[in-house]
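Notes follow the structure.
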Amino acid sequence: MYSALARKVGVPPALLRAVQLTPHALVRWEPEFGDVDLTDRRFSISSGNEEQIPHETTDTLPLTVAEAVSAWLTREAQRTKRAKGAAVRYGKAVSKALLSWVAFDLLQAHKASPPGPWLKKLLFLQLGLTPPSPKEIARYVAREQAAKLIAANKLIPSATVAARVKVDPSNVSRWRKSKQFQGLVKHYAALAERPKARPTRLIKNPSK
């Protein structure tokens with residue numbers, strides 16, 4: 001599959017070899033700053049396999065091997081989306097099946113850290129979805145945090161919750177009236193009430 005990318009997409013062979021062995025290795029670009037067009041840039045790959053949390057924007061150069069390959073494939077996914085079926089059949093565009101296979105393989109490589117912004121963008125393109133905006137992500141995180149606070153103390157004032165999750169108190173008041181939010185609060189309350197498992201005794205009593 002990766003060899004097909006070298007022929008059809010033009011991803012540098014060094015990146016394709018590295019992504020199969022050390023997908024989280026860091027990439028250094030020359031020049032370091034400028035636009036995100038990777039075609040004419042020189043790069044070097046670190047020797048390690050650094051698992052890290054990448055940056056959160058596709059407005060800057062990718063930091064890891066997996067992100068660099070994802071950036072190349074994102075451009076191809078956009079071309080494939082615009083192209084008609086004949087373009088794929090005659091080799092002028094990469095098939096969606098090939099892009100999906102590689103995107104899934106790259107996603108499986110992320111165990112200790114979440115996928116970076118370029119891989120996320122590629123996955124959203126393949127699924128035909130619109131990535132959430134930073135504002136939508138912040139709202140989701142605030143709702144989750146608010147639900148946890150209320151699950152721990154049902155009498156906590158909305159103003160206090162709002163101050164802790166950094167939203168307007170009217171938002172918290174509106175959330176509390178929502179059945180979906182109430183279900184979320186019950187979910188977190190149930191998790192808190194679960195009895196903690198006792199640690200397994202690994203060493204037997206030597207006196208017996």
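In this chain, numbering begins with 1 at the start of the sequence shown.
Looking only at side-chain heavy atoms (C-beta outward), Leu38 and Leu61 come within less than 4.5 Å of each other. Side chains of Lys166 and Gln145 form no contact here, defined as non-hydrogen atoms less than 4.5 Å apart. Looking at Arg17 and Leu21, their side chains never come closer than 4.5 Å, going by heavy atoms from C-beta outward. Contact of the Tyr188 side chain with the Leu191 side chain is registered, since non-hydrogen atoms from C-beta on lie closer than 4.5 Å. Val27 is not listed as a side-chain neighbour of Thr64, based on a closest heavy-atom distance of 4.5 Å or more.
Nearest approach of Leu99 to Ala77, heavy atoms of both residues: CD1-CA, 3.6 Å. When every heavy atom of Asp59 is checked against every heavy atom of Thr57, the shortest pair comes out as N-OG1, 3.0 Å. Here the closest heavy-atom approach between residue Pro169 and residue Ser158 is recorded as O-CB, 4.4 Å. The two residues His24 and Ala109 come nearest to each other via the heavy atoms NE2-O, 2.9 Å. The shortest heavy-atom contact between Thr60 and Trp118 is O-NE1, 3.5 Å. Across Leu106 and Ser70, no two heavy atoms sit closer than the pair CD1-OG, 3.4 Å.
The distance from the CG atom of Leu73 to the NZ atom of Lys121 is 13.0 Å, given to the nearest 0.5 Å. Taking CD of Glu67 as the reference point, atom CH2 of Trp72 lies at 13.0 Å (rounded to 0.5 Å). Atom CG in Leu125 sits 9.5 Å away from atom NZ in Lys96 (nearest 0.5 Å). Separating the CD1 atom in Ile150 from the CD atom in Gln182 is a distance of 9.5 Å, to the nearest 0.5 Å. Taking CZ from Arg176 and CD1 from Ile156, the interatomic distance works out to 7.5 Å, rounded to the nearest 0.5 Å. To the nearest 0.5 Å, the span separating OG on Ser100 from CG on Leu122 amounts to 8.0 Å.
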Practice problem: Please step through side chain to side chain contact (heavy atoms under 4.5 Å, CB included) for the pair Leu15 and Ile45, ending with a clear verdict. | Solution: CA-CA 8 Å; Leu15 281 177; Ile45 302 172; 4.0 Å; yes
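Ring-plane geometry between Trp29 and Phe43 is classed as tilted, the angle between the planes lying from 30 to 60 degrees on a 0 to 90 degree scale.
Residue Gln108 qualifies as enclosed at atom CD: its count of foreign heavy atoms under 6.0 Å is above 12.
In the hydrophobic clustering of this structure, Val172 does not group with Tyr140; members are Ile, Leu, Val, Met, Phe, Trp, Tyr whose side-chain heavy atoms approach within less than 4.5 Å, directly or through other members. Clustering ILVMFWY residues whenever any of their side-chain heavy atoms sit less than 4.5 angstrom apart, transitively, puts Val69 in the very cluster that holds Trp101.
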